[in-house]
Structure formats: C-alpha cells, structure tokens
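Pasting in a structure now, in structure tokens, and then I'll have a few things to ask.
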Amino acid sequence: NLFVKLEGIELMLYLLKNRGYMRKIALKVLNFALSNCEVAIITFIDKLGLKTIFPALMQKGAGKIKKNCSEKEDEEHIISIISSLFINLPTNQIEFIVRLFDKFRENEYEKVDRIM
C-alpha cells in the first residue's frame, strides 16, 4: 500500500511509456507490485495501465523469429501482470473487469491470439 500511496504505479507506467532503459525494471517492479495487492491493481487500471501494458505485449515478438533472453523475460513479466489482474481484481469492481475484458475484445481478439 505504501508503494501505491507514494505513486509508485504512476512512476512505473511513466517509465514504461518512455521505452528507455528503465522499462525492464519497471516491468519487474509492476509484476511484483500487482502480484497480490488489490489496491495496486485498482490503481493500475484507474491510471490507464491497460493502455500501457497491452501495446507492450503486442509489440513483443512482432515479426521476430529469434528472441533473446531479455525479450522473453519482458514477455513473461507482461503475461504475469495480466494474469495478476485477472486473479486479484476484486469482483465488486465491475467497471474495471469490463475494461479488462474489453481490451481482449478489441481488434478481433488479437491479444488473445498473441498470448496463445
């Protein structure tokens, strides 16, 4: 909760958007922060984290045959973040659940295809 209160989620999303060398660290921190904290998950979705994490998922592996270890690790963190959202999002947060499912519905379910 302290991480959320100190705007850690917002900082990590900012680092992800900038695509700099801190991106990998931001993915790891978000993965850990969202693993078991409902408040962090709600803050993540409320601060448009879905808009940031799904493009990161979609650009990984696009047109690439070989992936280096770092790219695979980033992809694992992204998938882990998404799974944490599904597992730990409170059921009384209907608006956020709908937003999460809508992300998978857009563009003819391309995100589902990407994950598979």
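Keep in mind that what you see is a predicted model, and the values were worked out from it rather than measured. Numbering of residues begins at 1 and proceeds along the displayed sequence.
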* **Spatial distance of atom CZ (Arg105) from atom CG (Asp102) [nearest 0.5 Å]** => 5.0 Å
* Asked: To the nearest 0.5 Å, what is the distance between CD (Gln93) and CD (Glu95)?
  -> 8.0 Å
* Taking all heavy atoms of Ala33 and all of Ile9, pick out the closest pair and write down the distance. => CB-CD1, 4.4 Å
* **Ser80 (side chain) donor-acceptor with Glu76 (main chain) under 3.5 angstrom** => no
* Any donor and acceptor pair, going by atom type alone, linking the side chain of Asn88 with main-chain N or O of Ser35 inside 3.5 Å? -> yes
* To do: Would you check if the distance from the ring center of Phe104 to the ring center of Phe86 is below 6.0 Å?
  => yes
* Considering only heavy atoms from C-beta outward, does the side chain of Glu38 approach that of Leu89 to under 4.5 Å? -> no
* Asked: Would a 4.5 Å heavy-atom cut-off, applied to side chains only, mark Asp74 and Arg23 as touching?
  -> yes
* To do: Measure the spacing between NZ of Lys103 and NZ of Lys111 and express it to the nearest 0.5 Å.
  => 5.5 Å
* Pick one: which of Ile42, Ile41, Val39 meets side-chain contact (heavy atoms from CB on, under 4.5 Å) with Val4? -> Val39
* From Thr52 OG1 over to Leu15 CG, what is the distance, rounded to the nearest 0.5 angstrom? -> 11.0 Å
* To do: Could you tell me whether the side chain of Asn31 reaches within less than 4.5 Å of the side chain of Ile78, counting heavy atoms only?
  => no
* Asked: If Ile, Leu, Val, Met, Phe, Trp and Tyr residues are connected whenever their side-chain heavy atoms lie under 4.5 Å apart, and connections chain through other members, are Phe44 and Leu48 in the same group?
  -> no
* Straight-line distance of Ile25 CD1 to Met12 CE, nearest 0.5 Å -> 9.0 Å
* Asked: Is there a path of hydrophobic side-chain contacts, each under 4.5 Å between heavy atoms of I, L, V, M, F, W or Y residues, that connects Ile94 with Ile45?
  -> no
* Asked: Asp113 and Glu108: which non-hydrogen atoms are nearest, and at how many Å?
  -> OD2-O, 4.4 Å
* Asked: side-chain hydrogen bond (donor to acceptor under 3.5 Å, both in side chains) with Asn18: which residues, sequence neighbours excluded?
  -> Tyr14
* Heavy-atom neighbours of Lys28 NZ exceed 12 at 6.0 Å -> no
* Asked: When you look at CZ of Phe32, are more than 12 heavy atoms from neighbouring residues, nucleotides or ligands closer to it than 6.0 Å?
  -> no
* Do you know the tightest heavy-atom contact between Leu13 and Gly49? -> CD2-CA, 3.7 Å
